Amino acid sequence: MSEKMTIKFTVNGIQEKKEAAVGQTLLKFIRDELHLTGTKEGCEIGECGACIVLLDDRPVNSCLILAVELDGKNLVTIEGLSQNGEMDRLQQAFIDHAAFQCGYCTPGMIMSARALIDRKPEPTDEDINEALSGNLCRCGAYQEIREAVKDASKK
Amino acid sequence: MADLKYVGTSVTRKDAVEKVTGQAKFIEDLYIGPMLYAKMKKSSVAHGKIINIDTSKAEAHPGVKAILTGKDYKNRIGLYLIDRSIIAVDKVRFYGEPVAVVAADSEKAAAEAVELIEVEYEELPAVFDPREGMKPDAPLVHEDLENYDIVPIFYPKPGTNIANHFKLRKGDIDKGFEEADHVIEREYYVPQMQHVPIETHKAAAHWSPDGKLTVWSTAQSPNVVRQLLAKCFEMPMHKIRVISNFIGGGFGCKAGASIEGLVVPLAMKFPGYVVRIVFSREEDMQGTFTRQALFSKLKTGIRKDGRITALQYEMIWDGGAYTEYGVNIVRAAGYSSSGAYDIPNVKTDSYCVYTNNSIGGPVRGFGMCEMQWGIERQIEAIAEELGMDPLEVRLINGMKKGSTTAAGQVVHDVDFEKCLKTVTDKIGWGKKEGKFRGKGIAGLVKCPAQPSNAASSAIIRINEDGTAHVLVGGSEMGQGMLTAMSQIAAEGLHIPTDRIEIRVPDTDFTPYDWQSVGSRVTYTSGRAVKQAAEDALGQIYRVASDLLEVPAEELTFDGKHVYSTKDPEVKATIREVADSCKKCTGEGIAGPIIGRGSFVPTNMTNLDPETGQGNPGLFYCFGATAVEVEVDPETGVIKILQLAASIDAGKAVNPQLCTVQLHGGTIMGLSTALFEEVRFDKGVMLNNNFTDYKIASIDNTPHIDSFIIETPESGGPYGARGIGEQPMIGVAPAIANAVCDALGVEFNTFPLTPERVWEAIKKKQAKG
Amino acid sequence: MLSYEYIKCTDLNLAFQELEEGKQVYPLAGGTDLIVGMRGGKFAAKTLLDIKDVPELKVLEENDRGITIGAAITLNDVVNFAPVRKNIPILAEGCHSVGSYSIRNRATIAGNICNASPAADTAAPLYALEAIINITGPGGERTVPVREFFTGPGKNALQKGELVRSIHIPAPYPEGKGVYLKASRTGSVDLASVGVAVQRWGDKVKVAVGAVAATPVRAHNVEKAINENGETNWAAAAKLSCDDISPITDIRCTRDYRFHLVEVLIRRGLEQTMGVK
């Protein structure tokens, strides 16, 4: 059933009204309909974290949410962190610490970390470990990620 | 080389801003044109004859454009042993093997059509253990092995499941055992694992009516993909364009040709469309290369003074259903079979055996993690037998300048002792810290496992404004190749890295590079880039010499100006030199400057078929890992208290990225040491997703103390050698050695799951 | 892409109607088990009934009868609810053990028990707290003790047309410490190999174990030894757990190891809650 519903939402600060297919996940909607391809797919079962976005300021796995559930919500994706050419301090910290290699997990990682700093401005190692344990990085940049998050939270 | 300006500095990654802003384009992020979506019908048996494939219902399904089966894919494909069809022809050899592929106008339609394809099999007796597979009465996985094309450095045994038997005979093994005071024999087992890059395998193909094929692939080897597709589809290379975008992790699984061939014939049917296939996580785990399982027997002779006099190594590898790539892992493990140690007498037999498990293939380390697990555990056993310090045994036998490898190759630029001592000093070696705490070390070595003539090339274009484009054929899968190459180019050109552009490979525009595997690119591509930079700089001087009318030898270039060292006022801007340089009279001097570099190893040889002796290594990279653990004696949970890793990079082109690589390899090693094991039930993977197959996450990754050692590599660019795979090799044995130190237990296999540790404790208690 | 109908529901009565009349109607709250299960073919949902904004299901409150957690409340909200942390921290521990932080932003405690995995991390603490499940349906309200709610792997006590309305932890709360000890392969985001909840109630104790039987179970033999027979040797008491459980071997670990882990974790739980004797 390719039934569609009209949904209204805010994405990266802009109000939108769009048709969403009922069978579509939020992840597919973000990538295929909003054309925001920074959000990645890695497992489709909520285990890898590559698809994490902020929904009403909370980090969530967009592969486990339906596109139609976006109705009335505020969505922020990785593209929303660097507006008007200015990068978020967390993005700069990831660069400074080389906190990634292949970069595929990075958008999801940064979204989880951004939400962490928003709720805990000075996170400890344990806070970071807890907040990011659902973001898998196979390249293994975890040590640099911890440093980058701490660095960004100091500023 | 104290005056290096760019090499040896931690410049920011070339791809950094793109990657942190979500702008880096991976294949699935591209909108290329009208799309068709491909899905595979996969075999539901591990070994069976295909009796019939009924696609009629699927063809009638709305949205379906085409369905192809094995009959549409006549030619086999492979890098070393050409044993594999892109889609199964006549029979299937592993569970999950593609038997048909559907193209449809949506992923949903393609997936639904796959369900409507009916395949009838006659199941055949199957073999899932390579030791069984070697027996004379084992069911044959490949009946026509003798008819397969093969690179003549591999030795299959037609009529059996042995896809390669690599033999190595160094010195006199009998004499070696006669000289020994002790003989130690052990058996080891290393299970399959999966690479699980967070980006799965993906490929897309486009066919133009003029006969041009364009392929986008998550390929570590765009040039090899082009070469293999050319052969498989009988096309000239200039009509095939392969593009590797950013790759979301490779680790070996995206080497060679993997899934590109699935979509090519579909694209040919629909000119103008882009036909794309995206593997699901489950398909990626079951259907792409696993690490080959290894069953091994190791026998060593040792003198009382700790010197190893003889080593006899039998390795039986589970090659899986197709060993087109795996035969070379078995060879590499064979010719490296004394690990980081100089052992005078070695006898090794390394067998690659077909089974009906998933396809075995390259994983970071290319057989070294598996093979050196045995070596590094055996050294512990030796130390215990002799009552010696395991570090001492390693120092006595460890390779030094002038030592010979198992293949008899002399190693030159080595400081293995420093690698070992750096990490043991860090963790306080020799001090016992508590009842359930223990310390362990492992040494490691690896050379790139590449053909002796695996080449790289580079082109440098100097733009009109004096900025430069560097073109190389290597893939960027996170290792930092683009950044390292830009630094090597900057050093040679005297043009700063921020004025150098470098992009991911596209075989229509970037020059040849064999493959981004084996930790080879820094060295081989680096050599080519260095040569191209020097070529371009030479041209800059020659052109400026004509322009300024001073001898070229008198000139120097600071990145902006070329000027005379005798009179700095005699100068020209790089723009004047590079922008189709002309004299003040208007007469032209020289057109655009293009530097070229080309590299092929000259220090490697084939190996003797009977003795395996020769020079298989382009360079040897050594390192060591040391850990301290605390074990919960009741639950078997291992806590890593200290983890130190050293690697001899020769020269770290970019120390920061080098450290990240060292950490990344160490963490992947840690993950395989503690968690990772693919489990099969009659060829069916039981843990084919991230719920059941666990890898290290941030909260179970300890702090790593890392040490970059720099013993210059005489052939490497600015003394550099590759280090990408090596850090992984020592972690599992170092942790096992530490747990054994803590508890006095024994392991012959890993991962060291809590349950496995608990079992070892129980076993020890039962012994009393 | 999956095929189903989606109904956003904000009226409980409409929800009952859909659940009663529709075929293969699945309530959707967090979706973290449901969508995974649909993708894997475990659930063949024809209709997804989004109940997360039904006001009656969004209750999170404490009053003199205890703590009530509505079916649409996320695990992170339970973890952060001060009365839970203060009075029944064992439940916060259990909720915190489920999945990753981002999963817990969607997943609900009701979903965790409705999914009825024997390894559900919230289950053992709820068993040890003797939680009550408030069920609502077209026929009205009913309550079942949590131990009767789980009826088998993936099976629960809901009748057609019914929903979990809330989970109630009745006052008075236990006097004394409670701990949830989870063993897993990685110690990180992972399903429990076994999960042990030990809750002290004054001088008595309640012990519940997950991932060792078709449903979570209470370790009655252990409890009886301590509560009725005055056993104070925790190791001896923990040993009795072998008659309370019937674990299986699966991808995470073997039956034997589960027997062993349960014994170790119960003993440790007793030491941590009842004191080292």
Side-chain angles (χ1 to χ4, degrees), chain A residues 1-5 7 20-29 32 41 43-73 108-109 111-113 115-116 119-120 123 127-136 142, chain C residues 1-10 24 26-43 45-53 72 74-77 79-80 92-93 95-108 111 115 184 186-191:
Chain A
M1 288 140 253
S2 53
E3 196 197 328
K4 295 203 167 190
M5 287 176 66
I7 55 172
V22 165
Q24 195 170 36
T25 61
L26 178 59
L27 170 60
K28 295 278 188 197
F29 182 78
D32 297 347
E41 176 179 295
C43 71
E44 295 184 275
I45 56 169
E47 292 276 0
C48 80
C51 70
I52 288 179
V53 294
L54 304 186
L55 198 62
D56 286 349
D57 302 325
R58 287 179 162 207
V60 294
N61 300 75
S62 62
C63 70
L64 297 185
I65 295 176
L66 307 179
V68 291
E69 291 181 86
L70 181 58
D71 192 32
K73 304 273 190 244
M109 191 74 75
M111 297 316 284
S112 281
L116 167 68
R119 67 180 180 271
K120 270 189 187 157
D127 294 333
I128 295 168
N129 286 346
E130 192 222 354
L132 302 183
S133 64
N135 292 84
L136 298 178
Y142 295 131
Chain C
M1 199 183 287
L2 297 162
S3 293
Y4 47 80
E5 199 185 346
Y6 171 85
I7 300 170
K8 174 86 182 179
C9 194
T10 49
Q24 289 165 293
Y26 281 73
L28 167 70
T32 53
D33 281 324
L34 182 59
I35 292 175
V36 174
M38 286 167 65
R39 179 181 174 275
K42 184 175 153 195
F43 306 124
K46 289 231 167 77
T47 301
L48 294 187
L49 187 65
D50 188 342
I51 54 164
K52 75 170 82 58
D53 287 333
T74 67
L75 291 169
N76 274 344
D77 285 341
V79 173
N80 293 324
E93 281 182 45
C95 292
H96 188 262
S97 301
V98 178
S100 60
Y101 183 83
S102 52
I103 291 290
R104 295 193 298 274
N105 267 340
R106 298 290 291 182
T108 61
N115 193 46
S184 71
T186 65
S188 174
V189 178
D190 197 0
L191 300 171

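The model shown is predicted, which means the values in this text are computed figures rather than measured ones. Each chain gets a letter, A, B and so on, in the order the sequences are listed, and its residues count up from 1.
Both the backbone and the side chain of A:Ile45 come within contact range of chain C, each with at least one heavy atom under 4.5 Å from a heavy atom of that chain. Using a 4.5 Å cut-off between heavy atoms, C:Lys52 contacts chain A through its side chain alone, with no backbone atom that close. Using a 4.5 Å cut-off between heavy atoms, A:Ser112 makes no contact with chain C at all. Looking at C:Leu34, there are no atoms closer than 4.5 Å to chain A (heavy atoms on both sides), in backbone or side chain. Contacts of C:Asn105 with chain A are made by both backbone and side-chain atoms, with heavy-atom separations under 4.5 Å. When heavy atoms are compared at a cutoff of 4.5 Å, A:Met5 approaches chain C solely by way of its side chain, counted from C-beta outward. At a 4.5 Å heavy-atom cutoff, the contact between A:Glu47 and chain C is made by side-chain atoms alone. The contact between C:Thr74 and chain A is made entirely by side chain atoms (from C-beta outward), counting heavy-atom distances below 4.5 Å. Of the two parts of A:Cys43, only the backbone, made up of N, CA, C and O, holds a non-hydrogen atom closer than 4.5 Å to a non-hydrogen atom of chain C.
Between the OG1 atom of A:Thr25 and the CD1 atom of A:Ile65 there is a distance of 9.5 Å, given to the nearest 0.5 Å. Here the straight-line distance linking atom CG of C:Leu49 with atom CD1 of C:Ile7 works out to 6.0 Å at 0.5 Å rounding.
The two residues C:Asp33 and C:Gly111 come nearest to each other via the heavy atoms OD2-O, 4.3 Å. C:Arg106 and A:Leu55 make their closest contact through NH1-CD2, 3.7 Å (heavy atoms, listed as atom of the first residue, atom of the second, distance). Closest of all the heavy-atom pairs between A:Pro123 and A:Ile128 is CB-CG1, 4.0 Å.
Other residues, nucleotides and ligands place no more than 12 heavy atoms under 6.0 Å from the CG atom of A:Asp57.
Note: C:His96 leads C:Lys8, C:His96, C:Met38 in heavy-atom pairs under 4.5 Å with chain A. For the set C:Ser188, C:Ser102, C:Gly99, C:Ser100, the count of heavy-atom pairs under 4.5 angstrom toward chain A peaks at C:Ser102. Of the listed residues (A:Pro59, A:Gly49, A:Gly134), the greatest number of heavy-atom pairs within a distance under 4.5 Å of chain C belongs to A:Pro59.
Between the side chain of A:Tyr142 and the main chain of A:Asn129, no donor-acceptor pair closer than 3.5 Å is present. Between the side chain of A:Asp127 and the backbone N or O of A:Leu116, no donor-acceptor pair lies under 3.5 Å.
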